[in-house]
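Single-structure report; data block below.
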Amino acid sequence: MHAQDLGGLTEELRHVERCRAGLSRMLDAARGNVIIGETVAGDRYSAERLGRHLKSLAKELSEEPEGPPFFGRLTFAPAGSTAGSTAGSTAGSTAGSTAGSTAGSAAASAEHAGRTYYIGRRHIPGEHGGPPVVIDWRAPVARSFYRASARDPQGVAVRRRFGWSGTTLTSYEDERLGRGEERRSRLLAAEIERPRVGPMRDIVATIQPEQDDLVRAGLDDSIAVQGAPGTGKTAVGLHRAAYLLYAHRQRLQRGGVLVLGPNRAFLGYIAAVLPALGEVDVEQTTLDGLIASVPVQARDGERAAAVKHDARMAGVLRRALYGRIARPVEPVTVAEGSSRWRVGEDELRRIVDDTRRDALPYGIGRERVRARVVALMRRQAEARGHSTNAAWERRTGRALGPWLDGIWPAVRAEQVVHEVLSGRWTTAGSALSDAEWAAVVWERPARTYKSAKWSAADLVLIDEVAGMLERPRGYGHVIVDEAQDLSPMQCRAVARRAEHGSLTVLGDLAQGTTPWAARSWPELMAALGRPEARVVELTTGYRVPAAVVELANRLLPALDAGVPTTRSYRSDGRLRITRVPGVEQGVVAAAREALELEGSVGVIAADADAERLKAALWDAGLDVGGRLSVVPVTLVKGLEYDHVVLAEPAAIAEAEERGLNRLYVALTRAVSRLDVVHTRPLPPELEGPAAGAGTGPRESFSTAGSV
């Protein structure tokens, strides 16, 4: 790598000014289009739609987070040069390129020979229709920024990375790939190791080849990503959303993209990533938020929750819903003045049986029965010379209402679940045992579904019935983070939303903390309706320092998750394990020291201890809520902090059945430094040898004896 000279940096600073001028032109043009758009639309409706679109675009540009306009530059070798040849790039292909990359690289070399491109988060056009001053990171040519290497230059002579301090360009460094030069990038390492302050950032400047392969996978591809802590699986999912909207915007315009996170804190943490990438029309929510139709006012015991989340409940609910359909035993007659329209019981039975065999949603089936009976009556009326029209069909359909309510009753999803949980439905032939029925049936049922107090697990049951009544909204692509914790019934809820779309499923089997957590990705993907999905493992951690990874890897044999150990890209960081006389004093001391350094500080503790530790920090005069947060361990999944103070690992490990999995999650939230503070002995699994991790800076000391 070659450090820049002063003249080179001066020229790059001029390009920064060209970029800012280009952004200013984009904003002026967008605002001008708003004015022009009010007069060019052909009708009022079109004018309103066009106006909303143009105003949204102008607002998006004006509110875009301020940041560096570019982070990289590609200079392709001149035509006929051997500097960027892709011949013999087998090793590069093996390192993560997709099939056919060699041919694609050769085509790129020819198309872009001798050209230079700046790569950034947003396309910035040139002046007067000239070449763009910045290329969007998602554009095909930008792929070489992430994929090119000394073994497979892909036509690239020089790859340049830039260093920024805020919005000020401070440095750059070059890799002359055409000369076979490839070393560890100082700027890349600095960006990866930069302290985490505030919400999650995008990783467009640091995407690695194996991550880029996933980000740019086709829209029709469903993928399961097994990602060890810090491998960037969440960032991969979010950048995949941004890429798909860029590459397949028209196909996704109707269905859209849905991102499902594990909790609200996680959603707040990732909220800024997609807007920073220029995408604001992505729905981000939790699964409970997606399916919530009633307020949650009750809490299930572990046994009841486990049964409600079992896939067999789908069969129980289907029997309860479709079991209310009756077999017609007498004719139905509709009077119209002096005329009578009559359909016999044999014909009615045929209509009902045929409709059931069509396997339609319950509500659609009910309306089909009505429509078919009305059609038979219309034929009778027309045969007798009566005039029928749409109004006649509506009147006749309404007249059939009382009969239809007795044969195919209208019902609400909450009503069906209320009947099942109240024990008002027969258990004969059920897949559940008597003990399982006893676990889920309410001891004191509410009189009606309207007065019932529902639990979080009940939301899944209500959504299951709602999906049987009518099809829910579908999405073109659904991204699910922390998917290893999905129950079989939750998988069904997700699958219904992605029936005609594709899935990106992100998670880590070692971080499974629910009683029903998955132990196999193929099994989980089958439950999501995608048994053919490919499973990809990310094993290089870019977030967690090596010393922390080494400690966390010690837990893997006890977790029996069948996942590979993590290898850390990071050589920085610090691990300190301290045994103290009192955990409150130890946490306060560690947090006070951490606040003297740059970055966010997270105190993670067992749920039962979190409030007590928060009070101790307040009493010590530390400002909880700014850079310092106290987080119960059950809410920390998916979050990260520059400095983590982990309180009493033994209390976390013994608090629940999957306590060691929860401890594994907590240990891997640190981006730079981890303080483990304990009064009790560490869980024995942490005392053993590391499970194949690397080494890194580590301190171990105690005020009450050696660790």
Side-chain angles (χ1 to χ4, degrees), residues 19-20 22-23 26-27 30 56-73 117-125 132-143 145-147 161-162 164 166-167 188 191-192 194 196 198-208 211-219 225 232-253 256-261 266-285 475-479 481 504 506 542-543 638 640:
C19 292
R20 288 174 178 159
L23 286 169
M26 289 174 65
L27 181 57
S56 174
L57 179 60
K59 184 174 184 289
E60 177 187 332
L61 285 170
S62 64
E63 295 181 355
E64 182 172 302
E66 188 175 5
F70 54 85
F71 53 81
R73 194 185 84 172
Y117 301 97
Y118 286 82
I119 313 298
R121 289 166 177 80
R122 176 184 283 280
H123 176 96
I124 303 177
V133 293
V134 174
I135 297 291
D136 193 298
W137 67 275
R138 298 167 289 186
V141 67
R143 174 180 292 214
F145 182 80
Y146 303 110
R147 301 291 189 89
R161 300 182 189 274
F162 295 93
W164 298 81
T167 58
L188 179 64
E191 175 64 20
I192 289 174
R194 185 156 56 99
R196 264 58 170 175
M200 182 179 180
R201 305 189 303 263
D202 65 70
I203 62 166
V204 290
T206 62
I207 292 174
Q208 299 299 295
Q211 296 172 330
D212 188 65
D213 182 45
L214 296 170
V215 167
R216 297 177 191 264
L219 175 58
V225 181
K233 56 184 178 295
T234 297
V236 163
L238 295 174
H239 288 68
R240 178 155 163 73
Y243 173 78
L244 290 176
L245 285 166
Y246 173 88
H248 307 282
R249 195 170 299 276
Q250 284 190 326
R251 287 181 61 186
L252 290 171
Q253 195 166 21
V257 175
L258 170 67
V259 175
L260 291 175
F266 174 82
L267 293 178
Y269 178 62
I270 68 170
V273 175
L274 286 168
L277 298 175
E279 299 297 345
V280 294
D281 293 328
V282 177
E283 185 175 346
Q284 300 183 51
T285 185
Y475 293 85
H477 192 78
V478 179
I479 297 168
D481 206 355
T504 298
L506 314 164
Y542 299 97
R543 174 175 56 80
E640 60 183 28

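Since we're looking at a predicted model, the values are computed, not measured.
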Considering only heavy atoms from C-beta outward, does the side chain of [X] approach that of [Y] to under 4.5 Å?
X: F70; Y: C19; answer: yes
X: E191; Y: R201; answer: yes
X: T206; Y: Y542; answer: no
X: M26; Y: P125; answer: yes
X: T234; Y: F266; answer: yes

### Task
Applying ring-ring contact (aromatic ring centres under 6.0 Å, His included), name anything that partners F71, two or more places apart in sequence or on another chain.
F145
### Summary
H239 meets the ring-ring contact (aromatic ring centres under 6.0 Å, His included) criterion, sequence neighbours left out, with W137
### Task
Compute whether any side-chain donor of one residue and acceptor of the other, for Q211 and Y146, lie under 3.5 angstrom apart.
no
Please give me the minimum heavy-atom distance between [X] and [Y], naming the atom from each residue.
X: D213; Y: R147; answer: CA-NH2, 3.0 Å
X: V133; Y: Y118; answer: O-CB, 3.4 Å
X: G476; Y: L219; answer: O-CD1, 4.2 Å
X: V257; Y: A241; answer: CG1-CB, 4.0 Å

Rounded to the nearest 0.5 Å, what's the gap from [atom1] on [X] to [atom2] on [Y]? Could you check?
X: L506; Y: R240; atom1: CG; atom2: CZ; answer: 9.5 Å
X: E279; Y: L238; atom1: CD; atom2: CG; answer: 12.0 Å
X: I207; Y: Y243; atom1: CD1; atom2: OH; answer: 11.5 Å
X: T504; Y: L260; atom1: OG1; atom2: CG; answer: 11.5 Å
X: R143; Y: D212; atom1: CZ; atom2: CG; answer: 6.0 Å
X: L214; Y: Q208; atom1: CG; atom2: CD; answer: 12.5 Å

### Message
Going by side chain to side chain contact (heavy atoms under 4.5 Å, CB included), L245 matches just one of V282, L274, D281, L277. Which one?
### Response
V282
### Query
Hey, are D481 and K233 close enough for a salt bridge, meaning a charged N less than 4.0 Å from a carboxylate O?
no
